[in-house]
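Comments concern the structure below.
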Amino acid sequence: MDSRLGYGVLSYDLAHLLGAAVLVLSFVLLYQRRMGAVINTYAAQAWVLAAAAAWQGWSQGAPHLYVTALIALGAKGVAIPLALHNIVRRLRIHRSIDTALGVFPSMALGVGLVALSIMVVLPTTLSRGALTREDLALALSVVLMGLLMMITRRSALTQVIGFMSLENGLILAAVGVAGMPLVVELSVAVLVLLAFVVFGVFFFRIRERFDSLDVSHLDRVGGAHR
Amino acid sequence: MSAHLLAELLSPAGAVVLLPILAAVLLALLPMAAVAAGVAAWVNIAAATATFGAACLLPWEQHAGTLLLVDGLAAHMAILTAFVAMTTSWFSLPYVAVEAAAGRLDVRRLRQYHALFQAFLAGMLMALLSNNLGVTWVAVEAATMAAVLVVGLPRTAEAVEASWKYFILCGVGISLAFFGTIILYLAALPAFAAGPEGAMAAMSWSALPAAAGHATAPLLNLAFVFLLIGYGTKAGLAPLHAWMPDAHAEGPTPVSAVLSGSILNVALFVILRLRGVMAANPEALAPGPPIMALGLLSLLLAAFSLWRRRDAKRFFAFSTIEQSGVAAFAFGLGGPLATFAGLLHLTLHTLIKAAVFQCIGRACQLKGSQLFADIGGLVASHRALGLTLAAGIVAVAGLPPFGLFTSEFMIVTNAIHLRPLLALPLGLGLVVGAWALAWRLIGLCTGEPTPDRGPAPSLAALAPAWLHLAVVAVLGLAMPASLVAWFAAVAGGLR
């Protein structure tokens with residue numbers, strides 16, 4: 001089915017557009033300097049991801065992808081951002097974000113990563129349909145951008161948002177591969193574990209111990225001298 | 001269909017996976033009063049022992065089902081994992097009592113500890129026995145999360161840092177592995193019939209190696225790179241090994257013992273399975289050299305790092321990275337003999353390292369510190385503990401009469417035979433590592449005893465370590481012919 005798709009076919013164009021929108025939001029995440037805006041951007045990315053999953057479900061005729069879309073929408077698009085806003089308010093975290101890298105270098109690196117993932121994915125997937133190929137390239141870009149965000153941010157909260165944005169890329173890859181079984185189950189597993197660990201434990205413990213969510217405090221007890 | 005799945009879950013293999021899950025749920029729901037009365041530790045012991053019993057039946061239950069795949073390798077790894085978990089649950093009983101008495105664990109955390117221990121075990125066993133790449137991935141992630149939580153349980157600043165680092169690094173690793181899983185599925189898809197049955201088969205471990213010859217080679221390569229880095233993180237292979245020393249040093253000691261052997265084995269097991277898939281496709285990348293390179297890098301890095309450690313548990317964590325590197329190197333060499341040696345190495349190292357961590361954990365409780373400077377003269381003041389620890393360190397260093405000497409000898413001779421140039425750095429790493437271990441052994445066990453700041457260990461706490469070391473000594477001196485045949489059959493069944 002994929003091979004008949006190309007530019008000008010609605011199901012292809014829309015899937016492409018939604019995938020690209022997820023990637024653009026990754027760039028926005030990298031660029032934002034205020035905590036509230038970062039959380040909102042993450043929520044927006046989850047909404048677009050949900051739309052992408054739903055569209056893939058419709059165009060592939062795979063109703064189970066609607067469940068994936070609903071999870072992305074309900075948990076990642078609504079519940080987690082609300083909880084994060086709540087944490088920011090309750091723990092009185094600084095509203096502005098320290099970064100290890102300025103806007104221009106991080107954006108330049110981001111562009112480089114997108115180029116890298118296109119160069120890696122497109123030549124290796126020649127035998128597949130255009131939709132799958134470009135979806136994978138976009139998804140890998142989102143994954144790498146998430147990694148970049150985790151590396152360049154110092155606050156535990158933004159590191160976690162980077163990690164969750166990375167997982168958005170993984171879900172994007174999984175829904176783009178037609179007929180992949182267990183997509184729903186996998187996305188549920190990822191989500192439950194994430195929410196469980198992150199909210200249940202970390203923020204409160206780190207705050208309790210260090211009176212701040214800045215992970216550079218964690219280097220204080222680093223291993224080099226022991 | 002569902003009756004068929006139910007039968008699979010009720011088989012011994014199903015029991016091995018379900019028992020720890022049920023135990024984890026039961027322990028999480030246990031009333032506080034029962035935990036305070038010590039019931040939780042006994043439930044933990046009972047569940048781990050029953051799981052080990054069920055795992056021992058696996059060699060006679062080999063089959064490839066829809067949910068579970070029991071072949072020689074999976075059966076071997078499951079028995080090993082369940083055995084170490086069982087002895088560690090015995091060891092937990094006195095260890096946790098000391099921690100609770102010292103006020104480091106309250107009743108609530110005690111319950112969390114036991115429940116998470118079983119959840120961790122369940123995740124590992126499910127990863128080993130699952131016949132689906134996706135389920136294996138989910139199980140490894142679940143085991144990781146359980147381990148992350150249990151490492152942070154002491155809630156000291158160091159423990160929080162360690163579990164945060166563990167979460168972030170392994171989260172990244174496991175995410176890359178998921179991406180690799182998706183690509184591997186995409187690569188394998190053309191080899192199977194269209195439709196949901198074929199799609200399911202393209203994700204099953206039992207069908208993949210046979211079909212890999214028809215898979216798309218460039219996609220297989222891409223998948224392999226992601227999966228190797230992803231699962232390599234969990235195996236403690238460089239360059240993503242940084243979580244391991246912290247997690248070992250700061251988490252509760254019984255967890256270090258299980259962590260050290262088992263989660264690493266699960267990751268190497270997946271890499272071994274991948275090697276089979278890659279080797280089945282002549283156009284794909286040869287899997288050996290990348291695995292060997294990661295192994296050698298980890299070995300050298302860890303062997304030299306050992307010299308700079310001042311914290312005992314951190315020191316042995318680096319030694320685990322070193323041994324994981326040696327096993328990965330052996331798997332990368334390929335061929336039935338090197339695979340045999342690698343499997344033997346993995347098995348023996350798991351047993352020895354668990355024993356060493358059990359001893360060092362008791363020594364740390366005794367001296368109230370994890371620093372080498374505070375632990376010394378153990379043989380003079382606490383003869384049983386000191387001698388057991390000494391025997392364990394001699395075993396880890398790969399000296400006879402213990403079995404690690406045999407496996408390292410086989411790996412080195414194989415390397416000389418197959419890759420003579422790589423045998424040099426391999427030998428260098430092994431010697432440098434063993435030397436560091438011998439140096440620390442002298443400091444820990446001989447000389448003037450340092451002052452005690454905790455209760456003396458009971459002999460019961462050392463029994464599991466003796467059991468492990470006895471098994472290792474027997475395997476080193478006179479390995480029974482039936483066991484040799486079993487290892488050879490498992491190694492021969494792998495590509």
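Per chain, numbering begins at 1; letters A, B, ... match sequence-line order.
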Output the option from V177(A), L166(A), L140(A), V121(A) having the highest count of non-hydrogen pairs under 4.5 Å with chain B. L140(A)
Looking at [atom1] of [X] and [atom2] of [Y], how far apart are the two atoms once the value is rounded to the nearest 0.5 Å?
X	Y	atom1	atom2	answer
L219(B)	L136(A)	CG	CG	8.0 Å
I182(B)	I171(A)	CD1	CD1	8.0 Å
L186(B)	R133(A)	CG	CZ	11.5 Å

Flag if over 12 foreign heavy atoms under 6.0 Å of NE2, H64(A): yes
How close do [X] and [Y] get, counting heavy atoms only, and between which atoms?
X	Y	answer
L170(A)	S175(B)	CD2-O, 3.5 Å
F179(B)	A173(A)	CE1-CB, 3.8 Å
V160(A)	W164(B)	CG2-CH2, 3.4 Å

Side chain from CB out, backbone as N, CA, C, O: work out which of these in [X] comes under 4.5 Å of a heavy atom of chain A, or both, or neither.
X	value
M203(B)	side chain
L222(B)	side chain
Y185(B)	side chain
F372(B)	neither
A187(B)	backbone
N132(B)	side chain

When you compare the side chain of E167(A) with that of F178(B), does any pair of heavy atoms fall below 4.5 Å?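 When only atoms from C-beta onward are counted, E167(A) and F178(B) do not touch, as no gap falls below 4.5 Å.
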My understanding is that only residues two or more places apart in sequence, or in another chain, count here; which of them pass side-chain contact (heavy atoms from CB on, under 4.5 Å) with P239(B)?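 Partners of P239(B) by the side-chain contact (heavy atoms from CB on, under 4.5 Å) criterion, ordered by chain and then number, come out as L294(B).
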